[in-house]
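Below: one structure, written as structure tokens.
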Amino acid sequence: MTQTLEQKINKKLEQTFEKLSLNPQYATVKTSDRPDLSDFQCNGALALAKSERKNPREIASQIAAELEQDSSFSKISVDGPGFINLSVSDKLLSDVMEDMSQDERLGCEKTNTPKTVVLDFGAPNVAKDMHVGHLRSAVIGESIQRLERFIGNKVISDTHLGDWGTPMGMIISEIMLAHPEWPFFDDDKKDGFPDSIPYAVEDLTEIYKAANARCKEDEAARQQARIITAKFQDGHPGYRALWQHLRRISVDAVKKNFDALDVHFDLWLGESDAHETCYKIMDLAQEKGASEKDDGAVIIRLGESNKPKPPVILQKTDGGFTYHITDIATIKMRVDDLHADEIIYFTDKRQALHFEQVFEAAEKLGLVKDVKLQHIGFGTVNGPDGKPFKTRDGGVMKLEALIDLSKEKVKESVPTAEDVAKDFGSVEEAQKYIDNLVDEIAIAAIKFQDLKNNTASGYIFEVDDFAKFDGKTGPYIQYAIARINSIMRKAATANIKEGSITITTKEERDLALKLAQLNTIIWRTHNDKEPSIISDYAYTLAQTFSTFYNAASIMNAESPEIVSSRLRLARLTRDVLKLLLYLLGIKAPEVMLKK
RNA sequence: GCGCUCUUAGCUCAGCAGGAUAGAGCAACAGCCUUCUAAGCUGUGGGUCGGGCGUUCGAAUCGCCCAGAGCGCGCCA
């Protein structure tokens, strides 16, 4: 494994600190806040000054003097209260670039301690449309999935389908009202149920809405839904058979949505799959003396006695299981069957308390020894009023509608198949490429718009923003890649090869320094589970490249050596950008056709 | 009532394991296509970091108080 630039510098600093008998814990640099003064800065002297009871500038000067011996640094200075400013030599920088450009992982480290990580995201519900709110979970989860795999962890992703609670009973009940004659509702019938039902997913969402409205108004309907839910969960053959159809129809529709977003899961399990294990949890809780009966429900008390938390309700008064126990049972299954070392949930942060409760209960039941549980709560997608987004008519905007909207916008700036037919041999081929291109750009716009925001904070959903391609957007980065691809094709045609990197201009140097940050960025994203770190870096890297691209010609540089050097730098930039987009779950088109 | 989160440029957001001149994008304004894709580049203007107090050599960043906004709190998931 080759060392990254920052690691090399830190190593040198550590040695220097040790030589001066200073605590090497402070021997770290970061990218300089003052690029006009230096490439990197070390604030260690300031931190040390306190414990050593010395003047920070004195310590800094000592360190600086030691570092002067090293030809790797082109400039060393002590500034302000005791910052050590370091600039690296062009030689060191170009060496690091060479290493990166030759490494298939582009100089990124793999983990030394691979873990099995279960990711729980997406969480669509049976018979409910996917809306913009599902976007965040899916997009963030997919990004972390790709990142964790990239750094060498074993990842198992699971949608955790909402397919079990009272809503199921409500829908079954509603269908029964419409078609009481259907064999599913014959309590005595055990098998031989119809192979299909005449509903599409749109029908199911309508039925659910109707059921929801009915139960809201009518106590009798609510009661009926509860009874049916209980019978259904208890294994009523007809209800179960009908439910299987509902589930399948919904999953098919959901899969289409996720495929469109290039989001993929290893497992399509749901709340229903945890049902049997819930009984085990009930037994376990009793054995451990963790549960108790309260007002007819079975609960686990949480928190310190002086600072109690709301309890976890395992079983309701009517005997039904709650989503608390389903989640606890699911943890048990993930640990026992999947051997999870880590389970990470991506949901709306309004569920933060729920997960705190579930995690604490799992802990009490001894289910998670050496297992790390983490809830990544993200902010809601809000409308201009600051409240969770609704369309003008008060409904939620469907995910499909959003994607179509973005595609329509992309089409406006893409040429027609006829216009470019000659480049593709035929109109059909051209159309195929364009359709795919529109898709990739639209999805990039949507995903980047979401991923550029901090996970924890919500954001104001502006429909127009998802169809904008200027500035800090996904298409901007795709565009930078496409321009490099174009240069590569030209170079190949002219039979010009890339060659060793020499730094000759400020723009080359800035680009190289930016590229050198890759590994640090990847690991910070991993530690924080924060894809916006990658999206931000990808954007600034693309920006740095664009500046470089505009400042001097690559193909028409002063000498063949510089052409080769810049080609390599450009190719490396493209590879890094492609990797970054991949980690964000975004595709990079080879050519960006434009009107 | 208890608890959690947020408040930074006209708008949308970064920055927050304290550090040197608070950054982007959009919008506005002024430039740049006979030269590698202008979905681009260069430049200009724009901020008492919600308010106050404190800790510190140093606070947008840490602590306390206040104001405003959002969210969550035993049988919905």
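Since the model is a prediction, treat every value here as computed from it, not as a measurement.
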>> Once salt bridge (Lys or Arg N to Asp or Glu O under 4.0 Å) is applied, do any residues pair with A/Asp33, and if so which ones, sequence neighbours excluded?
In response: A/Lys30
> Just checking A/Gly471: base, sugar-phosphate only, or nothing, at a heavy-atom cut-off of under 4.0 Å?
Replying inline: sugar-phosphate
> Can you list the residues that meet the side-chain contact (heavy atoms from CB on, under 4.5 Å) rule with A/Ser553, with sequence neighbours excluded?
Replying inline: A/Asn556
>> Each nucleotide in nucleotides 41-46 of chain B should get exactly one letter: B, S or -. Can you fill that in based on protein heavy atoms under 4.0 Å?
In response: SS----
>> Please encode protein proximity along nucleotides 10-16 of chain B as a string of B, S and -, counting only heavy-atom distances under 4.0 Å.
In response: --SSSS-
> By salt bridge (Lys or Arg N to Asp or Glu O under 4.0 Å), which residues pair with A/Lys349, not counting sequence neighbours?
Replying inline: none
> Which stems, defined as runs of 3 or more consecutive Watson-Crick or G-U wobble pairs with both pairing distances under 3.5 Å, involve RNA chain B?
Replying inline: B:1-7 with B:67-73, B:10-13 with B:23-26, B:28-32 with B:40-44, B:50-54 with B:62-66
> Excluding sequence neighbours, so at least two apart, what forms salt bridge (Lys or Arg N to Asp or Glu O under 4.0 Å) with A/Lys497?
Replying inline: none
> salt bridge (charged side-chain N to carboxylate O under 4.0 Å, His left out): which pairs involve residues 477-486 of chain A, sequence neighbours left out?
Replying inline: none
> Which residues satisfy the side-chain contact (heavy atoms from CB on, under 4.5 Å) test with A/Glu360, sequence neighbours excluded?
Replying inline: A/Leu302, A/Lys309
> How would you list, by chain and number, every residue that makes a side-chain contact (heavy atoms from CB on, under 4.5 Å) with A/Lys452, sequence neighbours excluded?
Replying inline: A/Phe448, A/Gln449, A/Lys472, A/Ser535
>> Tell me every residue that passes side-chain contact (heavy atoms from CB on, under 4.5 Å) with A/Met282, counting only those two or more places apart in sequence or in another chain.
In response: A/Val298, A/Leu314, A/Gln315, A/Phe321, A/Ile325
> Taking the six-membered ring for Trp, does A/Phe83 stack with B/rA20 (centroid gap under 5.5 Å, planes within less than 30°)?
Replying inline: yes
> Please, which pairs that meet salt bridge (charged side-chain N to carboxylate O under 4.0 Å, His left out) have at least one residue in residues 437-449 of chain A, sequence neighbours excluded?
Replying inline: A/Lys407-A/Asp439
